[in-house]
Amino acid sequence: MFRTLTKKFQEAFAFMGKGKTLNEKNLTEAIRSVRLALLDADVNYSVVSKFIKQVKEEALGKALLKSVKPKEQFVKIVHDALQTLMGSKEASLQLSERPSPIMLCGLQGAGKTTHAAKLAYFLQKKQKKRVLIAACDLQRPAAILQLERLAEEHNLSVFVEKEAKDPVKVAKNALDFAFREKFDVVIIDTAGRLHVDAPLMEELLAIKKVTRPQEVLFVASAATGQDAVKTAKAFNETVQITGSILTMLDGDARAGAAISIREETKKPLKFEGVGEKIQDLQPFHPKSMADRILGMGDIVNLVRHAEDLFDEQESKAMEEKIRKARFTYADYLTQMRAIKKMGSLKSLLRMLPGAGNMPDIDTSDERLGQIEAMILSMTLKERNEEVTLCRQRKERIAKGSGVPVSVINQTVKGFGRIKQMCKNMPKNKQMGSLRDLQKTMGKMKWH
């Protein structure tokens, strides 16, 4: 995501590394590079002008910190400006009623129907809400079938009236049904168009009038750049959106929509779609997005994913084993499987600051598969290190896992080195929980 923009930002920052202080001369070239990078990423021109003015004023007006290099200071200024531009804080959904209607709107191809299901899954899983999806897109025949398939696959509830011709009536009936059946949230999937037109807007206004949604979310594709921003403005002027969902961020998006849409609509980005799977939807966090744009990883969402998958008690028990270097191959297998649920190792490494450009990341997933096959080829006593892995045992494990004995030897030695490293760790050094890590990252200074 944003690979081209990230590269150009890093080139601009590299230029700052040559100077000893922040001054107008070395700032001019760096700011010019940042400006061109943003325009090339299809960020709105007026947004770029405002952003550059803010960065320049901040940089020239900032007292030089003796302990901070000019590059680090300039990166911090750009990061803070990006974060402010995209909203500063995470914006949550307003769901005070029961049921709380959420209306989705947007153009065809933006992923509206898919994200209706993703949002339902998110609210059901993360917030324990009872969610009903109202199939009100009667223009596209496949929309209802798509929702029914997603609902069946992921245990979601969907309200369908297949013979209906009026989406306004379907929306009202869905809300009445949700009230009777005590649903917490109703997500209304509306019809899209190839372009903004009067009939579309009239239909949306009619649905809004009968359902009185607490949230009206515009669904925009990050792949369309500034076009998404223009469309969002048109929808906001007519139906008064309360926020946006940015989709298709798993591709090589240009960043124009992510950076511009809040500034242009004055409404927050609330969610982002980061993949094709039903669970690939996450709250939009301005700091996380600024980190990713500048190539600083994504600690915010890495911690979130980890907290979703790792039980707190199990994590504490494992932490104690690591402290005392008592973890076994069986423990390693458990942790490795949990990590795999978070996604590919390549995607996880991209979330770590500075790890996104590591070489040979693709082979790491293959390596994890090899280690898993080795451990699965061990007996229970071998996994729990109750017996020594002699030559005969290693040969049997090699045959069972399909790798040479030399790879088994490398793995055993590596495992031993990790345990020795844990033994040598200072006894008073606190590892901290995932929540502590998240708090620490939030308090970290850039200088």
Side-chain angles (χ1 to χ4, degrees), residues 1-2 4-13 24 27-62 74-91 105-107 110 195-196 201 216-249 252-272 284-294:
M1 182 183 69
F2 307 146
T4 302
L5 178 60
T6 299
K7 183 180 178 181
K8 290 187 176 183
F9 266 125
Q10 290 173 343
E11 288 172 354
F13 298 150
E24 192 159 3
L27 273 173
T28 299
E29 185 61 32
I31 289 176
R32 177 178 175 276
S33 298
V34 168
R35 180 177 179 275
L36 291 175
L38 291 170
L39 290 173
D40 190 56
D42 208 20
V43 179
N44 180 275
Y45 181 82
S46 62
V47 173
V48 173
S49 298
K50 181 179 178 181
F51 177 84
I52 292 300
K53 182 181 178 182
Q54 179 183 342
V55 169
K56 191 169 184 178
E57 289 176 353
E58 179 71 14
L60 290 174
K62 205 170 187 68
F74 186 62
V75 170
K76 174 68 165 63
I77 291 168
V78 172
H79 181 280
D80 288 352
L82 276 173
Q83 188 174 337
T84 300
L85 190 65
M86 293 185 288
S88 296
K89 296 180 180 180
E90 185 175 299
C105 59
L107 300 182
H195 54 84
V196 177
M201 295 307 187
V216 180
L217 302 179
F218 175 75
V219 181
S221 169
T224 58
Q226 198 173 148
D227 286 341
V229 180
K230 293 176 182 176
T231 308
K233 285 182 68 177
F235 273 79
N236 186 45
E237 288 168 1
T238 304
V239 296
Q240 287 81 52
I241 66 173
T242 58
S244 300
I245 299 176
L246 202 58
T247 71
M248 301 182 191
L249 279 168
D252 191 15
R254 300 184 67 188
I259 295 175
S260 307
I261 200 166
R262 179 192 172 276
E263 180 65 24
E264 289 295 287
T265 64
K266 306 303 179 186
K267 302 295 170 60
L269 274 158
K270 297 204 171 186
F271 288 93
E272 53 180 303
F284 183 89
H285 196 293
K287 181 186 182 304
S288 162
M289 183 59 74
D291 287 348
R292 281 174 278 168
I293 289 172
L294 298 184

**Taking every non-hydrogen atom, the tightest pair across Leu269 and Ala91** = O-CB, 4.4 Å
**Request:** Find the distance between CZ (Arg262) and OG1 (Thr84) and round it off to the nearest 0.5 Å.
**Result:** 8.5 Å
**Prompt:** Which of these, Ile259, Val43, Leu82, sits in a side-chain contact (heavy atoms from CB on, under 4.5 Å) with Phe51?
**Reply:** Leu82
**Complete:** side chain to side chain donor-acceptor pair (under 3.5 Å) filter on Gln83, not counting sequence neighbours, yields none
**Request:** List the steps and the verdict of side chain to side chain contact (heavy atoms under 4.5 Å, CB included) for Lys287 and His79.
**Result:** CA-CA 8 Å; Lys287 181 186 182 304; His79 181 280; 4.1 Å; yes
**Complete:** Lys267 meets the side chain to side chain contact (heavy atoms under 4.5 Å, CB included) criterion, sequence neighbours left out, with Asn236, Ile241, Thr265
**side chain to side chain contact (heavy atoms under 4.5 Å, CB included) against Ser46, all qualifying residues, sequence neighbours excluded** = Asn44, Glu264
**Message:** Once ring pair (Phe, Tyr, Trp, His ring centres under 6.0 Å) is applied, what residue pairs with a partner in residues 216-245 remain, sequence neighbours excluded?
**Reply:** Phe218-Phe235
**Message:** Rounded at 0.5 Å granularity, tell me how far CE in Met289 sits from CG in Leu294.
**Reply:** 11.5 Å
**Prompt:** To the nearest 0.5 Å, how far apart are CD1 in Ile245 and OG in Ser221?
**Reply:** 13.0 Å
**Request:** Drop me the distance from Ser244's OG to Phe284's CZ, to the nearest 0.5 angstrom.
**Result:** 10.0 Å
**Complete:** Output for pair (Glu58 CD, Asp80 CG), nearest 0.5 Å, gives 7.5 Å
**Message:** Could you work out, with side chain to side chain contact (heavy atoms under 4.5 Å, CB included) as the rule, every residue matching Ile52, not counting sequence neighbours?
**Reply:** Ile31, Val34, Arg35, Val48
**Asked** Which distance, rounded to the nearest 0.5 Å, do you find between the SG of Cys105 and the CE of Met201?
**Response** 7.5 Å
**Fill in**
Hits for side chain to side chain donor-acceptor pair (under 3.5 Å) against Lys230, two or more places apart or cross-chain, chain-then-number order -> none
**Message:** Which heavy atom of Pro286 sits nearest to which heavy atom of Glu90, and what is that distance?
**Reply:** CD-N, 3.9 Å
**Request:** Apply side chain to side chain contact (heavy atoms under 4.5 Å, CB included) to the pair Tyr45 and Leu39, showing each step before the final yes or no.
**Result:** CA-CA 7 Å; Tyr45 181 82; Leu39 290 173; 3.9 Å; yes
**Item:** Which residues share a salt bridge (charged side-chain N to carboxylate O under 4.0 Å, His left out) with Lys89, sequence neighbours left out
**Value:** none
**Request:** Indicate the atoms forming the closest heavy-atom contact of Val229 with Ser260, along with that distance.
**Result:** CG2-CB, 3.7 Å
**Message:** I'd like to check the side chain to side chain donor-acceptor pair (under 3.5 Å) partners of Thr231; sequence neighbours left out, ordered by chain and number.
**Reply:** none
**Asked** Would you say the side chain of Phe9 lies within less than 4.5 Å of the side chain of Val78, judging by non-hydrogen atoms?
**Response** yes
